[in-house]
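The next block holds one structure in the form of structure tokens; read it before the comments.
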Amino acid sequence: MTASIPDSPIDEPLAYDPAAVELKWQRRWQERGTHAVDLRGGERPFYALMMFPYPSAEGLHVGNLFAFTGNDIYGRFQRLQGHTVFEPLGYDAFGIHSENYALKVGEHPMRLIPRNIANFRRQLDRAGLMIDWRYQVDTTDPSYYRWTQWVFLQLFKRGLAFKKRAAVNWCPNDMTVLANEQVIAGQCERCGAVVEQRLLEQWFFRITDYAGRLLDNLDWLDWSETTKTAQRNWIGRSTGARVRFPVEPKAGAAPGSTANNDVAIEVFTTRPDTIFGATYLVLAPEHPLVAPVTTDAQRGEVAAYREQAGKQDLVARKVNKEKTGVFTGGYATNPATGAPIPIWVADYVLMEYGTGAIMAVPGHDERDFEFATLFELPIPRVVAGEGDDASTPLAEAYTGDGRLVNSGEFDGLDVDAAIERITAWLAEREAADAQINYRLHDWCISRQRYWGPPIPIVYCDACGTVPVPEDQLPVVLPDIPDFRPDDTGISPLARHEEWYFTSCPSCGAKARRETDVSDTFLDSAWYFLRYPSADRDDVPFDPALTKKWLPVDSYIGGNEHAVLHLLYSRFITMVLHDAGHLDFEEPFTRFRAHGLIIRDGAKMSKSKGNVVNPDDFMDQWGADAFRTFLMFLGPYEQGGDFRDQGISGVRRFLDRLWSSARDCTPSGEPDAAVLRKLHQTIRKVGEDTARLSYNTAIAAMMEYMNVLRTGERTVHRAEVEPLVVLVASFAPHVAEELWELFGHTTSVFDASWPVFDPALATEDFVTLAVQVNGKLRGTIKVAATVTQEEAMAHARADAGVAKFVTGAPRKVIFVPGRLLNIVV
RNA sequence: GCCGAAGUGGUGGAACUGGUAGACGCGCUGCGUUCAGGGCGCAGUGGGUGCAAGCCCGUGCGGGUUCGAGUCCCGCCUUCGGCACCA
């Protein structure tokens, strides 16, 4: 029978007590090894991966828990579908974040991190995640970073890791180099300090070699569309041509002088069709040809401009959109027109992109137009839009479609055809080559910091740059008390002589170690390969296990890593594939980005004091209610608004589930209507969970509960028991407890998903909407199998409808099971 | 500026390939249980109008296609996210 919840929980032993239930099952899972996966023998393997957390001192953030719970539900659901599910977790504990915190509190990260990890572990277990902790990963453990160093060596061997002296982004506050990805609008993404440019020797990975593949594979990956778009933007492919403009001999050069005769300035353009309108060239201030093309008369002015540009930091350069520049005095030949055109220097041309030089087409490029207007350079038209002709003046740059004008033999061609024809024409004359350019830069992995894996390289006066042999890994990060970085641009490790000096692996002579450590993103670019082999110390990843478990079936994480982490992981996987270590080249078959949790309509932040503490909510409402509530807030891929009161609704649902299960009759025929709703619910929860639509899956279960508990009806076991399985992924503890109550001796997660019977889910009677001229005029309840004629008869019998239907209808639209629309 | 996503009650959000807009939850209102509070149960809850049956309006704004539009098309507005002097 349907019992009401007793007044006092004290004298009622049957009341739902989440604290007791959850503790009981967390212990039992441990004892029984419920979460232990048989990696070698398990059938139908399913790898459900979530982005591993950085173990902060503050403990688990509700955002972490939102991400993990979503993955856990998916993993548990797949297990109920008969898969062997591997759902590992670890810690991304290296990096500036940890190191800065350690410096702030004055404690060594080697002591701090294990404590944070212990706290995380407590909270993660508390939340009831199905994690097999035997395969944990900690990026700061030598048994892990030994293989991170191994990964570096694989790249080094293939010529994909190289050192170059380069202008890099230097954060004066964190005193370290930052990757371009870590510079947001000219500021350090971590501390907000204005980033400076510095010249340092840095290790880079040649990710640009893989730009094309990284971009092309996105077409077939089953990933969130937003994530793919972010990656495409980041890689930034442009197709165009590389065009050579020969430099004219300097005026005033001695007769017969060959100075500059064999020099050409190469530019990249996506609009070779506009080359007849290229009236000048612009070099970036750092361009190596600036000095050679500059005339004596202009030398002083050019040098002053370059010096000033060099001092400007990135912010000033990107924010200050006012054009500046200076004429070099030199000229180059436009290979299309044969005319000499002036060469300018301006900082609106970036050395990092393309060739660091452009052909300026002021008529058809907004920036060039602005520059030419400012310096009173000619602005000819070479493309005519609709209604324009060759002499229509240009009030602004025209960048649209049109036909070529003032372009010699190419006049009249439309832009697309002209791009092709002119590129081919220039190529024949050896003035141009078709080229694809990428915005993507090589990945700078050097960090002049302490808290990271040392880069496994040794410098020997005799042998040069020598990789540490693989069998000598790991290069252990020494436990030194003084790990504070300084402003020299040299890692703190360099101050530690007994570590710094070593012997050359090649000749045995005294040698020096590389003192940079590698970027945290390298740690996380391969961790998913390590999990199944985390207990092995002889290989980075076991070939058989890797073949069985990878690539990852489902990866869930935040879109803040859409570009960096996911791109680097794909790159490293491709490299290891090319090196013969992997038989796949994309690590994550399916990726879904979860949304963000806000609270009461505002972003959570420490300063606002509106941060959700998971422990508090789990104490008050139970982990099951908390998990289910997080998933009920909104669409998982969009996130949701956390309102404290809302959790009571989810808890009420679990209370009602509990009392229904405890008070049901063990036998008896299920009600036909309830049974029908049950099967509809089985289908909906299954479909919705599979597509991560957790909020609607929960709503469906609540709806079923409402049907189950309508009025004073008696609930039968056969009506509740399947619901316990449906709810198990969301509220695993209470599901286990009720499952046991029903007499089962094994875990509910070793049960199987209830069988959906379409026949039982079908309604005998349906409510048809009756419209007249598309307006709802009534509803009729009819057999699901009615014909249009029968439905019409019913509709006409309805007074509300009949009123609007006087004569014969002009047209009738009948959608079985849905509606009848009578057009009069 | 370019690319992408989204605008639905008091509120978080439902609505499959165009087919009864507002599921489910929170909040609110009333009733019951209770000394009371909480809890629990029952009923109601988009706006307007009407004694009522009902009628009119309603998914950011303006047009359109259609028997029928939250959903499709065209033109705007707003918010959020990515890229950004990228040639």
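Order of the sequence lines sets the chain letters (A, B, ...), proteins ahead of strands, with each chain counted from 1. Excluded from the calculations below are hydrogen atoms, water molecules and symmetry mates; all remaining heavy atoms, backbone and side chain alike, are included.
Residues forming a ring pair (Phe, Tyr, Trp, His ring centres under 6.0 Å) with A/Tyr353 (at least two apart in sequence, or on another chain): none. Under the salt bridge (charged side-chain N to carboxylate O under 4.0 Å, His left out) criterion, A/Asp644 pairs with A/Arg599, not counting sequence neighbours. Under the salt bridge (charged side-chain N to carboxylate O under 4.0 Å, His left out) criterion, A/Asp798 pairs with no residue at all, not counting sequence neighbours. Under the rule for a salt bridge (charged side-chain N to carboxylate O under 4.0 Å, His left out), A/Arg818 has no partner lying at least two apart in sequence or in another chain. The salt bridge (charged side-chain N to carboxylate O under 4.0 Å, His left out) test applied to A/Arg643 returns A/Asp641, not counting sequence neighbours.
Distances shorter than 4.0 Å separate some side-chain N or O of A/Arg656 from OP1 or OP2 on B/rG41.
The side-chain heavy atoms of A/Ser238 and A/Tyr438, taken from C-beta on, include no pair separated by under 4.5 Å. A heavy-atom distance below 4.5 Å is not found between the side chains of A/Asp624 and A/Phe626.
Rounded to whole Å, the separation between the P atoms of B/rA36 and B/rC26 comes to 25 Å. Remark: the separation of the P atoms in B/rA15 and B/rG70 is 16 Å, to the nearest Å. The separation of B/rG10 from B/rA6, taken at their P atoms, amounts to 24 Å, rounded to a whole angstrom. One P atom belongs to B/rU20, the other to B/rC80, and the distance between them is 34 Å to the nearest Å. Here the separation of B/rG7 from B/rU71, taken at their P atoms, is 11 Å to the nearest Å. Nucleotides B/rU34 and B/rG39, compared at atom C1', are 10 Å apart to the nearest Å. One P atom belongs to B/rA21, the other to B/rA69, and the distance between them is 10 Å to the nearest Å. Only the P atoms considered, B/rC73 is 28 Å distant from B/rA23, to the nearest whole Å.
Sequence order on RNA chain B of the closest nucleotides to A/Arg271 and A/Ala769 puts A/Ala769 first from the 5' end.
The separation between A/Met701 atom CE and B/rG25 atom C1' is 13 Å, rounded to whole Å. Atom pair A/Asn706:CG and B/rC40:P shows a separation of 14 Å (rounding to whole Å applied). Atom C1' of nucleotide B/rU71 and atom CZ of A/Arg818 are separated by 13 Å, given to the nearest angstrom. For the pair A/Leu630 CG and B/rC26 C1', the interatomic distance rounds to 16 Å; values are reported in whole Å.
Note on A/Lys677 versus A/Glu703: salt bridge recorded, some NZ/NE/NH1/NH2 to OD/OE distance being below 4.0 Å.
Among B/rA87, B/rA23, B/rG27, the nucleotide with an atom closest to any side-chain atom of A/Glu703 is B/rA23. Checking B/rC24, B/rA84, B/rA87 against every side-chain atom of A/Arg439, the shortest atom distance belongs to B/rA84. Comparing B/rU20, B/rC40, B/rA87 by their closest approach to the side chain of A/Arg652 singles out B/rC40.
Aromatic ring orientation, A/His565 versus A/His561: perpendicular (interplanar angle above 60°, classes split at 30° and 60°). Ring planes of A/Trp344 and A/Phe371: perpendicular class, angle over 60° (limits at 30 and 60°). In this structure, A/Phe642 and A/Phe617 have perpendicular ring planes: the angle between them is above 60°, well past the 30° mark.
Among residues at least two apart or in separate chains, ring pair (Phe, Tyr, Trp, His ring centres under 6.0 Å) pairs with a member in residues 688-709 of chain A are A/Tyr636-A/Tyr694, A/Tyr694-A/Phe730. Among pairs with a residue in residues 626-635 of chain A, those fulfilling side-chain hydrogen bond (donor to acceptor under 3.5 Å, both in side chains) read A/Asp72-A/Arg627, at least two apart in sequence or across chains.
Using a 4.0 Å heavy-atom distance criterion, A/Asp368 is classed as making no nucleic acid contact. Backbone-only engagement by A/Ser238 is indicated by non-hydrogen atom pairs under 4.0 Å involving sugar-phosphate atoms exclusively.
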Find every protein N or O atom lying less than 3.5 Å from an N or O atom of nucleotides 44-55 of chain B, and list the pairs.
unit_1	atom_1	unit_2	atom_2	d
B/rC55	OP1	A/Arg777	NH1	3.4

Could you write out each protein N or O paired with an N or O of nucleotides 65-68 of chain B at a distance under 3.5 Å?
unit_1	atom_1	unit_2	atom_2	d
B/rC67	O2'	A/Asn821	ND2	3.4
B/rC67	O2	A/Asn821	ND2	2.3

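Base pairing in RNA chain B yields stems of at least 3 consecutive Watson-Crick or G-U pairs, both distances under 3.5 Å, namely B:1-7 with B:77-83, B:10-12 with B:24-26, B:27-33 with B:39-45, B:46-49 with B:54-57, B:60-64 with B:72-76.
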Can you give the donor-acceptor pairs under 3.5 Å from side chains of residues 777-786 of chain A to other protein atoms, not counting sequence neighbours?
none

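Within 3.5 Å, no donor on the side chain of A/Arg683 pairs with an acceptor on the base of B/rC16, nor the reverse.
Residues A/Asp365 and A/Tyr398 bring no donor and acceptor atom of their side chains to less than 3.5 Å of each other.
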Contact pattern, 5' to 3', of nucleotides 3-15 of chain B - B, S or - by protein heavy atom under 4.0 Å | S-------SSSS-
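In B/rG9 the O4'-C1'-N dihedral to the base is within 90° of 0, which defines a syn nucleotide.
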